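I have placed the structure first, in the form of structure tokens, so that the comments after it can refer back to it.
Quick note: numbers below take in every heavy atom, side chains included, and nothing from hydrogens, waters or symmetry partners. Being a predicted model, the structure only gives us computed values, none of them experimental.
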Amino acid sequence: MASKNSPDTINAGEHVFIKMPSDNVKCIILKRNTTVSLGKFGTFNANDIIGRAWGNTYEIYDTDSKTRVYQLDEINKIEETENNNREIVDDPSSQKLSLEEIKALKSEGLKGELTGEEIVNKIKESNASFDKKTAYSQAKYLQKKGKKFHKIFTPIKPSTYSVNEYFYIKNPAKIRDIRMDTLSQLLSYSNVHAGCKMLVVDDTQGMIVSAFAERMGGKGTILGLYDGDNPNYDVVKYMNFSQEILDTIKVLSWLRLHRAPDEKSPDELQDVTKLIDKDLEGYHRRIKAYNIVEESRKILLEGCFDALIIASQYQPESILEKLLPYVQGSRPVVVYHHAKEALLETNRWMRKSSDLLAPQLTESWLRKSQVLPGRTHPEMSTWGTGGCLLTATRVIDKPVQAGLTKRERLEVEKKNAEIKKLKRMREGAENVVATASTQLSTHTPPAVPSASASCTSTSDTAAVSVSSGEAETKITTTTTITTITTLKATVEESEMAITEVEIGEPQDGDERSTKRIKQE
């Protein structure tokens with residue numbers, strides 16, 4: 001859903017994650033004048049938090065389920081005492097309150113007659129072994145009871161982290177078991193930033209596309225390829241993106257990757273002037289869908305993508321063969337899969353390919369830790385696998401020659417200077433040949449320019465030795481033919497001698513300095 005409200009406040013009509021004392025998270029769509037139920041932790045009016053800032057913790061109190069900002073207890077360092085837990089027996093006899101009395105306290109709490117803190121204090125006072133516990137055990141006991149009876153909640157703003165954590169705990173198969181640490185590495189490897197152009201095959205129901213869109217902030221283009229008739233990017237709607245960000249996401253089905261020979265536009269299939277009412281509305285829907293497909297297809301065929309990201313249920317090699325030509329050189333290629341075994345064959349394929357450089361298969365490991373003064377330690381239980389990443393760099397396979405040394409460069413520059421001199425001589429000779437040929441055709445003695453000394457001396461000799469008009473024409477014609485033959489030979493020799501060497505000419509798609517030899 002596109003949002004036009006301020007992103008810094010809680011707005012009606014948006015998705016909100018509600019974190020409860022038990023650390024469970026509930027996702028709701030906040031609507032005005034409605035009541036939100038949190039189960040045993042009570043209910044609250046949605047209007048009480050609309051328009052307020054994110055991140056505050058609220059307490060439900062009174063019989064009318066009113067809410068107020070709740071100040072969390074300050075975490076202080078615990079001072080150790082002489083108590084120990086050796087004489088404590090873990091059995092129900094240490095609790096003086098019966099089960100019925102505890103249920104009655106819960107009922108009073110749900111009605112708003114008692115706060116969660118008051119219930120915890122009564123249970124603590126009724127516990128005979130509480131004073132015998134160590135300071136650490138007492139703090140742990142109060143925290144445990146507070147998760148059961150405190151009537152507090154915290155609205156959490158949807159983000160890549162909060163959405164990923166919510167689905168990874170609730171339904172990891174929905175996002176193909178991609179954990180937040182693996183997703184963060186994927187964002188880093190893909191080099192996503194504002195203004196880039198990304199090509200994505202996302203079968204995580206839009207988790208990767210959502211992360212890219214949030215990082216790009218409405219600047220750039222994301223083209224997502226999907227299987228079937230409609231894209232399944234369900235996660236995107238939980239992010240509360242603005243319309244500006246949603247416009248950067250383009251989709252294209254594999255079935256429409258290339259235009260079919262018999263594919264026709266809605267205008268070619270029917271006459272618009274004859275449509276009315278519902279038929280006209282249907283036509284407008286079809287023309288809109290057709291334009292979306294054509295725009296996405298044009299973006300794909302233009303190529304020049306800054307990265308290729310694949311998180312698909314299909315074998316990645318077939319996708320790579322199709323999409324690699326659309327990716328620019330020196331750009332990242334990242335493949336995600338929840339199982340390492342599925343990427344081993346792709347890794348071997350990448351190593352044999354001349355279009356990919358330095359493939360690397362990695363698997364991240366994450367363990368949560370409790371961070372408290374004097375009680376920091378890893379948690380006893382943690383998550384399973386978060387998926388694996390296969391990364392490589394797209395290269396343009398074009399052969400290049402090695403760079404020149406300083407001596408070789410000086411030799412090339414000297415040779416190029418000689419080549420330019422030969423070029424000028426060749427151009428002068430060609431001009432002489434053209435002029436002589438023209439004058440020969442009109443039986444006029446050619447005026448040989450000073451560019452060729454041999455031509456001038458021959459013409460002068462003929463002019464002095466012959467005085468008769470008929471004889472002069474005959475000798476001049478013979479001399480001109482000889483001159484043309486000599487100049488043509490000079491031109492051919494100069495063409496064979498000209499070999500220009502160009503240094504540092506970069507090739508398309510390759511940033512390295514190269515050289516090439518050009519024959520003219």
Task: Salt-bridge criterion met for K147 and D23 (N-O under 4.0 Å) - done: yes
Task: Check ion pair E125-K122 (N to O, under 4.0 angstrom) - done: no
Open item on the list: For K133, I'd like to know if atom NZ has over 12 heavy atoms of other residues, nucleotides or ligands within 6.0 Å.
Closed with: yes
TODO: Look at the aromatic rings of H15 and Y238 and report parallel, tilted or perpendicular, splitting at 30° and 60°.
DONE: tilted
TODO: Verify whether one side chain among T154 and T57 offers a donor that lies under 3.5 Å from an acceptor in the other.
DONE: yes
Task: Donor-acceptor pair between D247 and Q243 side chains, under 3.5 angstrom - done: yes
- [ ] Could you tell me whether F17 and Y166 have their ring centroids closer than 6.0 angstrom?
- [x] yes
Task: Side chain proximity check, F305 to I299, heavy atoms < 4.5 angstrom - done: yes
Open item on the list: Any non-hydrogen side-chain atom of E294 less than 4.5 Å from a side-chain atom of R297?
Closed with: yes
- [ ] Kindly assign one of parallel, tilted or perpendicular to the pair Y70 and H150, based on the angle between their ring planes and the thresholds 30° and 60°.
- [x] tilted
- [ ] Could you pull out all residues at least two apart from E295 that satisfy salt bridge (charged side-chain N to carboxylate O under 4.0 Å, His left out)?
- [x] K250
Task: Q138 vs F130 side-chain heavy atoms within contact, under 4.5 Å - done: yes
TODO: Could you tell me whether K157 atom NZ has more than 12 heavy atoms of other residues or ligands within 6.0 Å of it?
DONE: yes
Open item on the list: Using the ring centroid of each side chain, check whether F153 and F41 are separated by less than 6.0 Å.
Closed with: no
Task: Carboxylate-amine/guanidinium contact K197 D306, below 4.0 Å - done: no
